[in-house]
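Step one of this worksheet: look at the structure below.
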Amino acid sequence: MRIATWNVNSVRMRLPRVVEWLGRQQPDVLCLQETKTVDADFPRGEFEALGYHVEVFGQKTYNGVALLSRTRALAVVRGLPDDPPDADRRLIGGVFEGVRVIGVYVPNGTEVGSERFAFKLAWFRRLREMLEASCSTGDPVLICGDFNVAPEDRDVHDPDAWRGRLLFHPDEQEALRHLMAWGLVDAFRLHETRGGHYTWWDYRAGAFHRGWGLRIDLVLMTEALAARCRSVTIDRDARKGEKPSDHAPVIADLV
DNA sequence: ATGGCTACTCCTAGTAGA
């Protein structure tokens, strides 16, 4: 079973890239973030034509998440349970072949110390509360998406330059650790301990070609599911070429 | 590395992302 995550930075702008990628990588489930599209304008038919079921949770201009899947999503959830009705649309989950998959777009935080930064930290806590209320650590649970924080020094091209900045601040790292302490492992690190593997590169300054990246897109799993995980790969090639997203997809293969 | 880009919008300038 192949489960992938990709922050596409507008699903309409990225449609040809995503269609090409689905044909090449053939995921069973793809979690999309930053679709930036109201549900009525989501290019549902283009994905259905490729044999994918589509579940969306979008909004105008910002945020927006979706699930594409070979089997129909069961027990679909949209948003955090304590979200107000007008909340950002940042979470969508479903059950596929018995695996609970949750795709997340964690708030960016805007600026360290800002109100939006506090909202980001609180969002991590609320995600943990959702897990405590609705999942068991003994179940096969996978949470993937754009977490907007690099977990460790080896996940940043220049940790000393980045330390204390947005995406690499100790408070963000602590918020991620507290989420994971519920009972999740960073599946990429099951198979690769070295640095130099990133999922996001700034559009500016030729950052991609200069290797200035961060690993902020993660696949977290309960131990129960991690035992079935054979590989986690970052499809760096998807960051190349015409009109790329600024994020690369991450692919987890389970037996 | 950070006023080097990209995508959005009551669209040609301002906002936000990461």
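Each chain gets a letter, A, B and so on, in the order its sequence line appears, and its residues count up from 1. In what follows, every heavy atom counts, from backbone to side chain, and hydrogens, waters and symmetry copies are set aside.
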Determine, for A/R189 against A/D186, whether the closest basic-nitrogen to carboxylate-oxygen distance falls under 4.0 angstrom.
no

What's the gap between B/dA13 and B/dG3 when it is taken at their C1' atoms, as a whole Å value?
15 Å

For B/dA16 versus B/dC11, give the span between their C1' atoms, rounded off to a whole number of Å.
16 Å

Do the ring centers of A/H178 and A/F124 come within less than 6.0 Å of each other?
no

Connected to A/W201, directly or through other members, by ILVMFWY side-chain contacts below 4.5 Å are A/Y198, A/F208

Give the other cluster members for A/M13, using side-chain heavy-atom distances under 4.5 Å between Ile, Leu, Val, Met, Phe, Trp and Tyr residues; answer none if it is isolated.
none

What does A/I216 touch in the nucleic acid at a heavy-atom separation under 4.0 angstrom: a base, only the sugar-phosphate, or nothing?
sugar-phosphate

Interatomic distance at C1', B/dG14 relative to B/dA1, whole Å
24 Å

Under 4.0 angstrom, heavy atoms only, what part of the nucleic acid is A/H157 near: base, sugar-phosphate, or nothing?
base

Could you identify which residues cluster with A/Y203, counting Ile, Leu, Val, Met, Phe, Trp and Tyr as linked when any side-chain heavy atoms lie under 4.5 Å apart, either directly or through a chain of such contacts?
none

Go through DNA chain B in 5' to 3' direction and return only the first and the last nucleotide with some atom under 4.0 Å of chain A's heavy atoms.
B/dA1 to B/dA18

For B/dA18 and B/dA7, measure between their P atoms and round to the nearest Å.
13 Å

A/E242 backbone acceptor or donor facing A/R17 side chain under 3.5 Å:
yes

Which residue lies more 5' along DNA chain B, comparing A/K36 with A/R165 via nearest heavy atoms
A/R165

Would you mind listing the cluster partners of A/F47? Hydrophobic ones only (ILVMFWY), side-chain contacts under 4.5 Å, chaining allowed.
A/W6, A/V8, A/V11, A/L15, A/V18, A/V19, A/W21, A/L22, A/L30, A/L32, A/F42, A/L50, A/Y52, A/V54, A/V56, A/L68, A/I251

By a strict heavy-atom criterion of less than 4.0 Å, which residues belonging to residues 107-128 of chain A are in contact with DNA chain B?
A/N108, A/T110, A/R116

When all nucleic acid strands are considered with a 4.0 Å heavy-atom cut-off, which category describes A/N63: base, sugar-phosphate, or nothing?
nothing

Give a yes or no on whether a salt bridge exists between A/R100 and A/D139, defined as a side-chain N under 4.0 angstrom from a carboxylate O.
no

Residue whose closest nucleotide on DNA chain B lies nearer the 5' end, A/Y105 versus A/S10:
A/S10

Could you tell me whether A/R72 and A/E55 make a salt bridge, using a distance below 4.0 angstrom between a side-chain N and a carboxylate O?
no

P atom, B/dC10 versus B/dT6: distance in rounded Å?
23 Å

